[in-house]
Peer 1: 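Here it is, the structure, as structure tokens.
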Amino acid sequence: MNKWMIKASALALGLMIANTAGAVKFDKDVPANIQQQMVEDLKFMSEIAGNGATKFHKEIFGDVSGAAYKTFFETRISEVGMNACGGGSAVACVIPFFNPNKMWLTKNFVQFSHPQVARSMVVYHESRHSETKNGNWAHDNCPVPFVDETGKEMVSIWTGAKLAGEPACDSTYKGSYGSSTIMLKNISKFCANCSEKVRMDADIYATDQLGRIDVPAVKAAMISDFNAVQ
Amino acid sequence: MLSSNQSRKIVFLGLLVLLIAGAAFFFLRQQTTDPGAPIDFQQSNYPNDFNSAKEEDAGVDVLDTARAQVQQEIINNSMAELSEADQVKFQSFIDVATSGRDNDPRIDKDLQNLSPELKNQLKSYYRNLLPEKRNERGFISFLIARDFKTSEDLDFLREIFAEEPCLSMSDCKSLTPRDPHMSNVDDISLNYPQLAALYQIEKQLQNKAAQILNDPALRTQLRATLAQAADSSVPKVREKAEQLQKKFSL
């Protein structure tokens with residue numbers, strides 16, 4: 001085979017790889033304001049600088065650092081599109097059977113007034129669902145009954161809908177609820193260039209999401225991880 | 001049986017197709033955006049954002065414009081009441097609140113040790129915000145609670161705890177169905193102004209308990225504020241307030 005034929009095929013292959021590596025790609029129907037919000041949120045995460053990290057965080061993400069968070073996201077999600085994500089108040093989702101490496105955003109992404117770190121928690125939670133080799137970290141069905149530490153049944157605030165039996169829990173710290181909780185707790189504790197608002201928000205949302213871990217020993221291990229002296 | 005010349009031609013054609021396909025794939029694909037770089041709107045693939053709004057969207061746009069005008073009037077009136085130094089701080093607040101960039105360094109650099117006049121304008125801004133603006137409301141609640149020094153500050157926080165609960169992110173007055181998958185995020189955001197206030201009250205008490213609790217006026221108002229929070233119909237707010245009442249004997 002001629003040398004130029006080899007070079008031509010390498011060039012073609014290289015072009016195809018270059019198009020898929022690195023940056024996130026938006027579908028044409030993602031409105032400009034949603035693209036801007038997503039880019040800003042990812043930029044915020046990519047600029048975080050930390051001065052420590054817990055053991056579980058190192059295991060899942062590495063350091064508390066923008067570079068680690070950028071790599072985590074970009075090695076899981078390569079495309080972003082628009083979808084209703086089942087409707088309701090969903091902000092984002094991943095539909096693994098359709099395309100595990102594509103994140104879908106809803107109009108709620110910009111219309112709902114969530115703090116920035118809460119939106120980032122959702123995005124990173126969903127990105128964890130892209131991991132086909134880990135069964136997409138499918139959620140557990142919450143236990144029946146599903147009670148908190150005081151013995152009260154876990155319900156949605158207004159509808160009173162019980163979480164018991166719903167696929168809305170994790171039995172491992174490595175799943176989507178667990179990993180995003182660990183990420184936010186570490187941001188709250190170790191982010192050296194985050195505003196007090198960001199650190200507070202990270203703490204509030206992470207503490208609450210810990211309630212979705214339905215195995216007491218795993219929850220206790222996570223709390224121990226957060227409180228370990230560095 | 002193909003000759004070697006014909007085989008070479010077939011291979012060549014195959015590689016040419018591959019090369020053309022690769023080039024087309026690369027250049028004709030949708031917009032690529034590097035999260036690390038600022039977005040260039042000229043590259044947007046959604047060129048008709050502003051020109052092809054549907055009728056119902058046009059109605060919303062008109063409403064949004066009217067609200068924006070009212071909001072700007074409020075800002076202008078507030079600025080007129082403030083000293084030059086406070087105007088700078090108030091502008092910082094507006095920039096952060098409207099951009100949603102919660103990691104803006106001005107939050108900690110400019111927006112601490114707020115004057116009573118600036119706090120009054122922030123409180124006024126809060127009262128004029130749509131209830132669905134949970135992050136903006138929570139931001140103000142955070143600023144006042146982080147810096148509470150007077151009974152008036154605590155009374156403002158009491159007002160926040162006395163609000164009707166916000167029932168959904170799209171419309172505080174309407175209950176909408178929620179997917180339990182991420183309903184925890186909504187639950188917190190719906191009560192964010194109240195939870196941010198309680199978080200900061202606890203922090204202030206942890207750091208300056210003696211200073212706060214030995215001031216009779218502050219102690220009385222703090223007790224009233226926490227009592228209001230403990231009366232909330234939202235379990236998360238109620239339970240946190242009760243925890244603080246017990247912890248600090250209030």
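Just so it is clear, the model here is predicted, and its values are computed rather than measured. Just so it is clear: chains get the letters A, B, ... in the order the sequence lines come, proteins before strands, and each one is counted from 1. Worth knowing before you read on, the calculation uses all heavy atoms, side chains too, and leaves out hydrogens, waters and symmetry mates.
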Peer 1: Does the side chain of B:Val185 come within less than 4.5 Å of A:Met121's, by heavy atoms?
Peer 2: yes
Peer 1: Please determine whether the number of non-hydrogen atoms from other residues, nucleotides or ligands lying under 6.0 Å from atom NZ of B:Lys247 exceeds 12.
Peer 2: yes
Peer 1: Between A:Asp201 and chain B, with a heavy-atom cut-off of 4.5 Å, which part of the residue counts as in contact: side chain, backbone, both or neither?
Peer 2: side chain
Peer 1: Relative to chain A, which segment of B:Asp108 carries a heavy atom at a distance below 4.5 Å: side chain, backbone, both, or neither?
Peer 2: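 The side chain, not the backbone.
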Peer 1: Who passes side-chain hydrogen bond (donor to acceptor under 3.5 Å, both in side chains) against A:Asn51, sequence neighbours left out?
Peer 2: none
Peer 1: Using the test side-chain hydrogen bond (donor to acceptor under 3.5 Å, both in side chains), find all partners of B:Lys109 that sit at least two apart in sequence or belong to another chain.
Peer 2: none
Peer 1: Name the orientation class of the two ring planes belonging to B:His181 and A:His125 (parallel below 30°, tilted from 30 to 60°, perpendicular beyond 60°).
Peer 2: perpendicular
Peer 1: Is it true that a side-chain atom of A:Gln116 and a backbone atom of B:Asp102 form a donor plus acceptor pair closer than 3.5 Å?
Peer 2: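 Between the backbone of B:Asp102 and the side chain of A:Gln116 there is a qualifying donor-acceptor contact (under 3.5 Å).
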Peer 1: Rounded to the nearest 0.5 Å, what separates atom CE in A:Met200 from atom CZ in B:Arg146?
Peer 2: 9.0 Å
Peer 1: Rounded at 0.5 Å granularity, tell me how far CG in A:Leu210 sits from CG in B:Asn184.
Peer 2: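 Answer rounded to 0.5 Å: 11.0 Å.
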Peer 1: Classify the ring geometry between A:Tyr205 and B:Tyr192 as parallel (under 30°), tilted (30 to 60°) or perpendicular (over 60°).
Peer 2: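 The rings of A:Tyr205 and B:Tyr192 sit tilted, inter-plane angle from 30° to 60°.
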Peer 1: If you measure from OG on B:Ser170 to CZ on A:Phe112, what distance do you get to the nearest 0.5 Å?
Peer 2: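 If I round to the nearest 0.5 Å, the distance is 5.0 Å.
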Peer 1: Would a 4.5 Å heavy-atom cut-off, applied to side chains only, mark B:Ser189 and A:Pro115 as touching?
Peer 2: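 A side-chain contact exists here, since the closest heavy-atom pair is under 4.5 Å.
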Peer 1: Against chain B, label A:His139 side chain, backbone, both or neither, depending on which of its atoms sit under 4.5 Å from a heavy atom there.
Peer 2: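 For A:His139, side-chain heavy atoms alone lie under 4.5 Å from chain B.
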Peer 1: Roughly how far apart are B:Asn103 CG and A:Cys191 SG, rounded to 0.5 Å?
Peer 2: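 B:Asn103 atom CG to A:Cys191 atom SG measures 6.0 Å (nearest 0.5 Å).
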Peer 1: Among A:Cys169, A:Ala118, A:Ser89, A:Cys93, which residue forms the greatest number of heavy-atom pairs with chain B at distances under 4.5 Å?
Peer 2: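 Sorted descending by pairs with chain B, the first entry is A:Ser89.
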Peer 1: Salt bridge check: are B:Asp104 and A:Lys197 linked by an N-O gap of less than 4.0 Å?
Peer 2: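 Salt bridge between B:Asp104 and A:Lys197, a charged N being under 4.0 Å from a carboxylate O: no.
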Peer 1: Do B:Arg101 and A:Glu40 pass the side-chain contact (heavy atoms from CB on, under 4.5 Å) test, and can you show the C-alpha distance, the side-chain angles, and the key distance before you say yes or no?
Peer 2: CA-CA 8 Å; B:Arg101 292 188 195 110; A:Glu40 280 185 9; 2.9 Å; yes
Peer 1: Tell me, with the steps shown, if A:Arg212 and B:Ser183 meet side chain to side chain donor-acceptor pair (under 3.5 Å).
Peer 2: CA-CA 11 Å; A:Arg212 294 298 180 102; B:Ser183 59; 3.0 Å; yes
Peer 1: When rounded to the nearest 0.5 angstrom, what distance separates NZ in B:Lys236 from CD1 in A:Ile204?
Peer 2: 11.5 Å
Peer 1: Enter the distance from A:Ser195:OG to B:Arg106:CZ here, rounded to the nearest 0.5 Å.
Peer 2: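 Atom-to-atom, A:Ser195:OG and B:Arg106:CZ are 12.0 Å apart.
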Peer 1: Does the side-chain contact (heavy atoms from CB on, under 4.5 Å) test come out yes or no for A:His114 and B:Ile188, once each step is laid out?
Peer 2: CA-CA 9 Å; A:His114 290 293; B:Ile188 297 295; over 6 Å; no
Peer 1: Could you have a look at A:Cys194, A:Ala168, A:Gly88 and say which one has the most heavy-atom pairs with chain B under 4.5 angstrom?
Peer 2: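 The answer is A:Cys194.
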Peer 1: Less than 4.5 Å to any heavy atom of chain B: does that hold for the side chain of A:Gln111, its backbone, both, or neither?
Peer 2: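 Contact with chain B: none, neither part.
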Peer 1: Does NZ belonging to B:Lys173 count more than 12 external heavy atoms closer than 6.0 Å?
Peer 2: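 Result for NZ/B:Lys173: open.
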Peer 1: Looking only at side-chain N and O atoms, does A:Ser113 offer a donor or acceptor that is under 3.5 Å from a partner on B:Glu136?
Peer 2: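 B:Glu136 vs A:Ser113: donor-acceptor pair found between side chains.
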Peer 1: Inspect the surroundings of CD in B:Glu164 and state if more than 12 heavy atoms from other residues, nucleotides or ligands are less than 6.0 Å away.
Peer 2: no
Peer 1: For B:Pro105, is it the side chain, the backbone, both or neither that has a heavy atom under 4.5 Å from a heavy atom of chain A?
Peer 2: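 Neither part, no heavy atoms under 4.5 Å.
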Peer 1: Does atom NZ of B:Lys133 have more than 12 heavy-atom neighbours, drawn from other residues, nucleotides or ligands, at distances under 6.0 Å?
Peer 2: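 For B:Lys133, atom NZ is not crowded (no more than 12 foreign heavy atoms under 6.0 Å).
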Peer 1: Using a cut-off of under 4.5 Å on heavy-atom pairs, state which of A:Arg119, A:Gln37, A:Glu126, A:Met45 scores highest against chain B.
Peer 2: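 Of A:Arg119, A:Gln37, A:Glu126, A:Met45, A:Glu126 has the most heavy-atom pairs under 4.5 Å with chain B.
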